[in-house]
Amino acid sequence: MSLIIKRDNYAVVCSEPTLYVDNKSRGRSGHMTHAIVEFAPGKLIDFNSNCSAKRFWGHSTFGWVEYRISEDGGETFSSIKELPYSKESFYDGIHTISVEKAVACDDGSIVAICLRNDASALCQPWDTPMVIKSLDGGNSWSEPRELCSYKGRVYDACYYDGAIYALEFCNDGVEDFCGVKEEHIYRIFVSYNNGESFSELCVVPVETLGRGYGAMLFDDSGRLHVYTYNIKDEIHLDHIISDDKGESWGKADVCYLSEGIRNPQIAQMDGIYLLHGRNAAANGFVLYTSEDGQNWDEGSYLGHEKGGCYYSNNIVLKDTDENHRLLVQYSEMYGVDACVNVMHCWITVKK
């Protein structure tokens, strides 16, 4: 049954969630890896993880990355393919690999940004992020190379006006995934050559102690938004805007979110901002809507179950009538522990 969220100037329609990866039936779990990219019109690559259902109660990155290809705008998907770099790293036993974010460039190349997790831990500490590329729609991949020299987690990436922007929280996660030292800061790296190399664009001027996660978005006007999570105040999300692609920044503000949010993911579609992630109590998957990206509604819950394992991602696509729709991918618990399946949900905006 679909969910309809009615507001004064628009309505948001969320479809009944459907099962994308049935980890329960294969006795596995699947955390963190949810990158989705449209690399040609109607052609998608959709990543998921294949992780242990026993290690850390199913909440770890102990496994490898899989992906599937869709050639009909996300309606159907190919059989599972394994990401070679991830599988080889798993066999080596030093790092496990997650692909939380990826982008597609104007030349059709797919650039996957790889998080290197400590293979012996739940997921952190983290090493330096790596980049791999595919020039043939995911059939083959380049050798990995370092994105930058800072250890940490790339929480978001986007492709805008011919450049790749990557938001990294430069914190190795040895002590905590949130910032505990002054040197734990958010940096944006940019690539002007389709991911062949990256250079540091800026330090995002936001408070970082007690902060973690991150979301980034170029809006319809070309303004760059960055959002960060505050573990000490989960109902207020830090928010800062740049009018010149990260060269300078306005004053940081906070957004009030009545249900709170963890691991926020952001999108804009047909002029409406959409924000989703785990709620403050980490027991449900919540969606917020906004007309300005700063002031949000009271939130609505998606998903079939309650639980603390909702990692997610999204991508704006078009249906057969050229209308926009948002594909949301998220993990949802299927048992008493932290084992998860992977779900899909479609969102449309009506005005």
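What you see is a predicted model, and the numbers here were worked out from it, not measured in a lab. Values below: every heavy atom of this structure, side chains too, minus hydrogens, waters and symmetry copies.
- Atom-to-atom distance recorded for Leu83:CG and Ser134:OG is 9.5 Å, nearest 0.5 angstrom.
- Counting all heavy atoms, side chain and backbone alike, Val99 lies closest to Cys114 at CG2-SG, 4.1 Å.
- When hydrophobic clusters are built by joining Ile, Leu, Val, Met, Phe, Trp and Tyr residues whose side-chain heavy atoms come closer than 4.5 Å, directly or via intermediates, Leu167 is grouped together with Phe169.
- Heavy-atom minimum distance, Ala166 versus Phe198: CB-CE2, 4.5 Å.
- Remark: side-chain polar atoms of Thr228 are not paired, donor with acceptor, to backbone N or O of Arg211 under 3.5 angstrom.
- A donor-acceptor pair under 3.5 Å is absent between the side-chain atoms of Arg187 and the main chain of Cys202, judged by distance alone.
- Met343 has its side chain within reach of Leu19: a pair of non-hydrogen atoms, C-beta onward, lies under 4.5 Å apart.
- The cationic group of Lys151 does not satisfy the cation-pi geometry with Trp126, failing either the under 6.0 Å distance to the six-membered ring centre or the 45° limit from the ring axis.
- Gln329 and Asn313 share no donor-acceptor pair across their side chains, judged by distance under 3.5 Å alone.
- Put simply, SG on Cys51 and NE2 on His31 are 7.5 Å apart, with the number rounded to the nearest 0.5 Å.
- Side-chain contact of Asp238 with Asn230: a donor-acceptor pair under 3.5 Å is absent, judged by distance alone.
- Of all heavy-atom pairs spanning Tyr310 and Ser331, the tightest one is CD2-O, 2.9 Å.
- Looking only at distances, no side-chain donor or acceptor of Lys24 sits under 3.5 Å from a matching main-chain atom of Gly335.
- Without hydrogens or angle criteria, Asn171 side chain to Asp176 main chain gives a donor-acceptor distance under 3.5 Å.
- Between Phe62 and Phe90, the ring center distance clears the sub-6.0 Å criterion.
- Aromatic ring centroids of Tyr20 and Phe77 lie under 6.0 Å apart.
- In the model, Asp292 has a side-chain atom that pairs as donor or acceptor with a side-chain atom of Asn295 under 3.5 Å.
- A heavy-atom distance below 4.5 Å is not found between the side chains of Trp249 and Val206.
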Checklist entry - After noting the C-alpha distance and the side-chain angles of Asp22 and Tyr334, does the key distance pass the side-chain contact (heavy atoms from CB on, under 4.5 Å) rule? => result CA-CA 10 Å; Asp22 186 359; Tyr334 66 74; over 6 Å; no

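- Side-chain contact between Leu224 and Leu217 is absent, with no heavy-atom pair separated by less than 4.5 Å.
- Under the ring pair (Phe, Tyr, Trp, His ring centres under 6.0 Å) test applied with Tyr160, the options Tyr165, Tyr192, Phe218 reduce to a single match, Phe218.
- Taking the six-membered ring wherever Trp is involved, the centroid distance between the rings of His34 and Phe47 does not fall below 6.0 Å.
- Listed by first and then second residue, the ring-ring contact (aromatic ring centres under 6.0 Å, His included) pairs involving residues 92-114 amount to none (not counting sequence neighbours).
- For the pair Met269 and Leu274, the minimum side-chain heavy-atom distance is below 4.5 Å.
- Taking the centre of each ring, Phe285 and His276 come in below the 6.0 Å mark.
- Minimum interatomic distance between Val190 and Ala163 (heavy atoms only, all atoms of both residues): CG2-CB, 4.0 Å.
- Remark: side-chain polar atoms of Asn263 are not paired, donor with acceptor, to backbone N or O of Gly277 under 3.5 angstrom.
- One N or O on the side chain of Tyr67 and one on the backbone of Gly138 form a donor-acceptor pair closer than 3.5 Å.
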Next on the checklist: Show, in sequence, the C-alpha distance, side-chain angles and deciding distance for Lys54 and Asp337, and conclude whether the salt bridge (charged side-chain N to carboxylate O under 4.0 Å, His left out) test is met.
Outcome noted: CA-CA 9 Å; Lys54 299 183 183 298; Asp337 293 324; over 6 Å; no

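- Summarising the geometry of Trp141 relative to Pro84, their closest heavy-atom pair is CD1-CD, 4.0 Å, with the distance given to 0.1 Å.
- Using modelled atom types and a 3.5 Å distance limit, the side chains of Asn9 and Glu291 yield a donor-acceptor pair.
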Checklist entry - Passes side-chain contact (heavy atoms from CB on, under 4.5 Å), Arg68 versus Ile80? Steps please. => result CA-CA 5 Å; Arg68 303 181 197 185; Ile80 293 172; 3.4 Å; yes

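- Within the model, atoms CD1 of Ile241 and CD of Gln294 stand 7.0 Å from one another, a figure rounded to the nearest 0.5 Å.
- Under a 3.5 Å cut-off, the side chain of Asp219 and the backbone N or O of Gln268 do not form any donor-acceptor pair.
- Ionic pairing of Arg26 and Glu66 is present here: one or more N-O contacts between side-chain nitrogen and carboxylate oxygen are shorter than 4.0 angstrom.
- Across Ala35 and Ala102, no two heavy atoms sit closer than the pair CB-N, 3.8 Å.
- For Asp319 and Arg325, the salt-bridge test fails: no basic side-chain N is under 4.0 Å from an acidic carboxylate O.
- Counting heavy atoms from C-beta on, the side chains of Ser199 and Phe189 never come closer than 4.5 Å.
- Cation-pi geometry between Arg28 and Trp64 is met: the NZ or CZ atom falls under 6.0 Å from the ring centre, inside 45° of the normal.
- Put simply, the side chain of Glu38 gets close to the backbone of Gly42: a donor and an acceptor are under 3.5 Å apart.
- Under 3.5 Å, the side chains of Thr33 and Ser49 contain no donor-acceptor pair of N or O atoms.
- Distance alone, capped at 3.5 Å, is enough to place a donor-acceptor pair between the Ser52 side chain and the Arg55 backbone.
- Side-chain atoms of Arg116 come within 3.5 Å of backbone N or O of Thr128 as a donor-acceptor pair.
- With hydrogens and angles left out, the side-chain atoms of Thr289 and Asp297 include a donor and acceptor closer than 3.5 Å.
- With 3.5 Å as the limit, one finds no donor-acceptor pair spanning the side chains of Glu168 and Tyr150.
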Checklist entry - Yes or no on salt bridge (charged side-chain N to carboxylate O under 4.0 Å, His left out) for Glu332 and Arg278, after CA distance, side-chain angles and deciding distance? => result CA-CA 11 Å; Glu332 182 173 77; Arg278 291 174 286 175; over 6 Å; no

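- Asn323 and Thr348 are not linked by any side-chain donor-acceptor pair at a separation below 3.5 angstrom, with hydrogens and angles left out of the test.
- Side-chain N/O atoms of Ser70 and Asp72 include a donor and acceptor closer than 3.5 Å.
- Other members of the cluster containing Ile185 are Val203, with ILVMFWY side chains joined at under 4.5 Å, either directly or via other members.
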Item to check | Worked check of side-chain contact (heavy atoms from CB on, under 4.5 Å) between Ser300 and Leu3 | outcome: CA-CA 9 Å; Ser300 303; Leu3 169 67; 4.1 Å; yes

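- With a 4.5 Å cut-off on side-chain heavy atoms, Arg153 and Tyr213 count as touching.
- Residues Tyr227 and Asp156 have side chains not in contact (no heavy-atom distance under 4.5 Å, counting atoms from C-beta outward).
- The CZ atom of Arg262 sits 13.5 Å away from the CG atom of Leu237 when rounded to the nearest 0.5 Å.
- When side chains are defined from C-beta on, Cys105 counts as touching Ile164, because their heavy atoms get closer than 4.5 Å.
- A donor-acceptor contact closer than 3.5 angstrom is absent between the side chains of Asp253 and His239.
- The distance from the CD1 atom of Ile347 to the CG atom of Leu326 is 5.0 Å, given to the nearest 0.5 Å.
- A side-chain N or O of Asn279 and one of Tyr301 form a donor-acceptor pair less than 3.5 Å apart.
- Rounded to the nearest 0.5 Å, atoms CD (Glu196) and NZ (Lys133) are 4.0 Å apart.
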